[in-house]
Asker: 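Take this structure first; my questions come after.
First listed ligand is number 1; within each ligand, the first listed atom is number 1.
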Amino acid sequence: MKVAIVGGSGYGGVELARLLQQHPNVNLTQIISHSQAGANFSEIYPQMTTIIDEPMKDLNLEKLADDIDLVFLATPSNVSHRFVSDILEANLKCIDLSGDLRLKDPALYKSWYNFETTAEAYLDQAVYGLSEIYQDQISEANLIANPGCFPTAGLLALIPLIENQIISTESIIIDGKTGVSGAGRGLSLNVHFSEMNENTKAYQLGNHKHIPEIEQELSEKSNDSIMVNFTPHIIPMTRGILMTSYTNLMIEQTNEQITELYQSYYQDQPFVRIRENGQIPSTKEVYGSNYCDIGFQVDSRTNKLIVVSVIDNLVKGASGQAIQNLNIMAGWDQRTGLHQIPIYP
Ligand SMILES: NC(=O)C1=CN([C@@H]2O[C@H](COP(=O)(O)OP(=O)(O)OC[C@H]3O[C@@H](n4cnc5c(N)ncnc54)[C@H](OP(=O)(O)O)[C@@H]3O)[C@@H](O)[C@H]2O)C=CC1
Ligand SMILES: CC(=O)N[C@@H](CCC(=O)OP(=O)(O)O)C(=O)O
């Protein structure tokens with residue numbers, strides 16, 4: 001299959017390029033850049049020297065359609081909703097890494113993303129690309145809304161509990177920690193070395209754009225309309241997301257029962273690993289890989305189930321999951337090209 005990346009000079013783009021180089025069935029034929037077309041990819045990313053030395057191109061959808069089968073959009077929010085109709089009309093399949101197509105209710109874009117969507121007609125068509133949960137729909141799709149990094153880790157931990165009705169749908173509290181690469185390659189005060197080094201910050205309390213995404217997907221799996229409290233924190237590491245979810249048990253459960261529940265839910269899913277015997281995963285244990293690791297503890301004193309889920313934000317949280325979705329769409333084994341073992345230490 002021939003593919004292109006739009007937004008190739010960003011972190012999601014270079015991670016896609018790295019992973020696609022190791023994919024046996026994919027030919028990455030074009031890397032497209034908005035501001036750096038003409039520059040050699042390996043000049044922007046010297047680690048790609050001798051691996052991808054070609055110049056990045058301008059976006060020309062007509063020419064692109066003759067050359068490729070599928071396009072990855074690794075562009076910031078408020079970009080891809082403007083491209084999507086042209087891409088689909090050109091008969092291209094599309095996997096969008098941004099949030100532009102994830103929310104089903106168009107009104108939510110104004111309130112949470114601060115722009116009006118022009119892709120209202122495509123929001124229903126876009127399949128939410130949480131690979132483990134929507135495999136059947138993904139296999140039939142031509143348009144994928146790849147999930148956000150925090151939602152990927154949070155939803156993989158919470159959906160099995162919601163579907164099995166063992167936790168209350170009220171008072172779900174999620175605490176998220178992210179490395180700075182989650183903010184992309186652009187410079188900003190938030191990720192300035194002296195702001196971030198030896199520092200930790202909570203941000204966007206009650207108004208982070210991943211809240212409606214998490215609520216939409218949890219509500220979809222429940223009979224209730226679910227609201228959550230989610231607070232992200234940025235911490236001084238490059239990659240990684242760690243989500244701690246605090247839930248109220250509706251029926252008494254032991255750690256062994258929860259292990260069984262998760263293991264049975266994810267028994268056919270190679271990228272979700274359930275930790276046993278009270279082991280709690282850390283971000284380095286998935287670094288550079290497409291795994292989501294889940295650990296938990298029943299706190300019988302307070303009747304809570306506390307779940308910790310970790311991913312690499314750039315792999316399972318973005319580019320890795322996008323390739324997993326490509327594999328599912330193409331009917332290949334979902335692990336194709338994604339065999340990276342976590343880098344540790
Ligand atoms: N970083 C992460 O951990 C995650 C990111 N995502 C999402 O993936 C997408 C890419 O993120 P990331 O790579 O980190 O971001 P970056 O800021 O690193 O890269 C975004 C790229 O988009 C291109 N771009 C900017 N404006 C436009 C435009 N108007 N039209 C076309 N291209 C444009 C830029 O490249 P150029 O100017 O060269 O074209 C830029 O390099 C975002 O939507 C992000 O939210 C999702 C999950 C996790
Ligand atoms: C550290 C940092 O700023 N992280 C970003 C992660 C968002 C992201 O990349 O996800 P989307 O695809 O939904 O934009 C944030 O909190 O907005």
Side-chain angles (χ1 to χ4, degrees), residues 4-18 30-41 43-45 55-61 71-83 87 95-103 108-109 112-115 128-130 144-154 176-192 195-196 200-205 207-214 230-243 283 311-322:
I5 301 170
V6 179
S9 68
Y11 282 164
V14 70
E15 191 67 352
L16 272 170
R18 177 178 82 92
Q30 280 197 41
I31 301 182
I32 291 155
S33 170
H34 182 59
S35 61
Q36 301 186 78
N40 259 3
F41 192 59
E43 265 170 50
I44 310 295
Y45 286 114
M56 293 190 284
K57 307 257 170 63
D58 262 327
L59 180 61
N60 177 334
L61 266 178
V71 61
F72 291 98
L73 297 176
T75 46
S77 63
N78 197 7
V79 172
S80 52
H81 71 101
R82 294 184 237 141
F83 290 156
I87 289 174
I95 300 179
D96 179 24
L97 274 68
S98 84
D100 283 21
L101 303 168
R102 294 179 199 149
L103 302 178
L108 293 178
Y109 280 100
W112 293 89
Y113 279 78
N114 202 24
F115 68 82
Y128 187 70
L130 192 57
I144 300 288
N146 219 56
C149 44
F150 285 120
T152 293
K177 316 270 191 324
T178 178
V180 293
S181 64
R185 202 183 194 206
L187 302 177
S188 77
L189 194 58
N190 268 345
V191 294
H192 190 300
E195 293 285 326
M196 264 324 300
T200 299
K201 293 182 188 180
Y203 62 102
Q204 292 175 10
L205 276 69
N207 63 19
H208 192 276
K209 62 189 175 185
H210 288 165
I211 292 173
E213 188 179 330
I214 294 171
F230 166 57
T231 302
H233 303 75
I234 185 160
I235 64 173
M237 62 182 185
T238 305
R239 288 176 184 235
I241 297 258
L242 184 146
M243 297 283 264
T283 53
I311 57 169
D312 183 321
N313 54 297
L314 289 172
V315 189
K316 183 60 176 164
S319 307
Q321 182 152 245

Asker: Within a distance under 4.0 Å of any heavy atom of G182, pick out the atoms of ligand 2 and give their elements.
Answerer: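 Matching atoms, with element in brackets: 1 (C), 2 (C), 4 (N), 5 (C), 6 (C), 9 (O).
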
Asker: Ignoring hydrogens and angles, tell me if any N or O in the side chain of Y45 forms a donor-acceptor pair with the backbone of S9 under 3.5 Å.
Answerer: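 Indeed, once roles are kept as given, a pair shorter than 3.5 Å links the two residues.
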
Asker: Parallel, tilted or perpendicular: which describes the rings of Y113 and Y109, with under 30° parallel and over 60° perpendicular?
Answerer: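 Y113 vs Y109 ring planes: tilted.
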
Asker: Would you tell me which option among R102, K209, H233, H210 has the nearest heavy-atom contact to atom 14 (O) of ligand 2?
Answerer: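 Comparing heavy atoms across R102, K209, H233, H210, the nearest one to atom 14 (O) of ligand 2 lies in K209.
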
Asker: Would the number of heavy atoms belonging to other residues, nucleotides or ligands and lying under 6.0 Å from NE2 of H233 be above 12?
Answerer: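 Enclosed.
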
Asker: Classify the contact between E213 and ligand 2 as side chain, backbone, both or neither, using a heavy-atom distance cut-off of under 4.0 Å.
Answerer: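 No part of E213 is near ligand 2 at this cut-off.
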
Asker: Does P232 reach the side chain of F150, with side-chain heavy atoms less than 4.5 Å apart?
Answerer: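 They are in side-chain contact.
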
Asker: What atoms in ligand 2 come closer than 4.0 Å to a heavy atom of I234?
Answerer: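 With I234 as reference, the close atoms of ligand 2 come out as 1 (C).
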
Asker: Does only the side chain of L97 get under 4.0 Å from ligand 2, or the backbone, or both, or neither? Count heavy atoms.
Answerer: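 Only the backbone of L97 comes within reach of ligand 2.
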
Asker: In terms of side-chain heavy atoms, does N313 have a donor or acceptor partner in T178 at a distance below 3.5 Å?
Answerer: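 No donor-acceptor contact under 3.5 Å links the two side chains.
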
Asker: Would you say the side chains of Q321 and K316 form a donor-acceptor pair under 3.5 Å?
Answerer: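 Per modelled atom types, Q321 and K316 side chains form a pair under 3.5 Å.
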
Asker: Just which atoms of ligand 2 are under 4.0 Å from any heavy atom in T178?
Answerer: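 Here the atoms of ligand 2 in question are 1 (C).
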
Asker: Once the angle between the rings of Y203 and H208 is folded into 0 to 90°, is it parallel (under 30°), tilted (30 to 60°) or perpendicular (over 60°)?
Answerer: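 Answer is perpendicular, since the angle exceeds 60°.
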
Asker: Which atom pairs, nitrogen or oxygen on both sides, join ligand 1 and the protein at under 3.5 angstrom?
Answerer:
residue, atom, partner, partner atom, Å
ligand 1, 1 (N), S181, O, 3.0
ligand 1, 3 (O), N313, ND2, 2.8
ligand 1, 13 (O), Y11, N, 3.2
ligand 1, 13 (O), G12, N, 2.6
ligand 1, 18 (O), Y11, N, 3.0
ligand 1, 18 (O), R185, N, 2.7
ligand 1, 35 (O), S9, OG, 2.9
ligand 1, 37 (O), S35, N, 3.1
ligand 1, 37 (O), S35, OG, 2.6
ligand 1, 38 (O), S9, OG, 2.4
ligand 1, 38 (O), S33, OG, 2.4
ligand 1, 39 (O), S33, OG, 3.4
ligand 1, 39 (O), H34, N, 2.3
ligand 1, 41 (O), S9, OG, 2.9
ligand 1, 41 (O), G10, N, 3.1
ligand 1, 43 (O), T75, O, 2.6

Asker: Could you find the nearest protein heavy atom to atom 17 (O) of ligand 2 and give me its residue, atom name and distance?
Answerer: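 For this ligand atom, the closest protein heavy atom is H208 NE2, 3.4 Å.
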
Asker: Can you confirm whether the side chains of N190 and S188 place a donor and an acceptor under 3.5 Å from each other?
Answerer: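 No, no side-chain donor-acceptor pair sits under 3.5 Å.
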
Asker: Can you confirm, on distance only, whether ligand 2 has an N/O atom lying under 3.5 Å from any N/O atom belonging to Y203?
Answerer: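 Among all N and O atoms of Y203, at least one is under 3.5 Å from an N or O of ligand 2.
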
Asker: What I want to check is whether the side chains of S80 and D96 have a donor and an acceptor closer together than 3.5 Å.
Answerer: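 Yes - a donor-acceptor pair under 3.5 Å links their side chains.
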
Asker: Excluding sequence neighbours, so at least two apart, what forms salt bridge (charged side-chain N to carboxylate O under 4.0 Å, His left out) with E15?
Answerer: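 Salt bridge (charged side-chain N to carboxylate O under 4.0 Å, His left out) list for E15, sorted by chain: R18, R239.
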
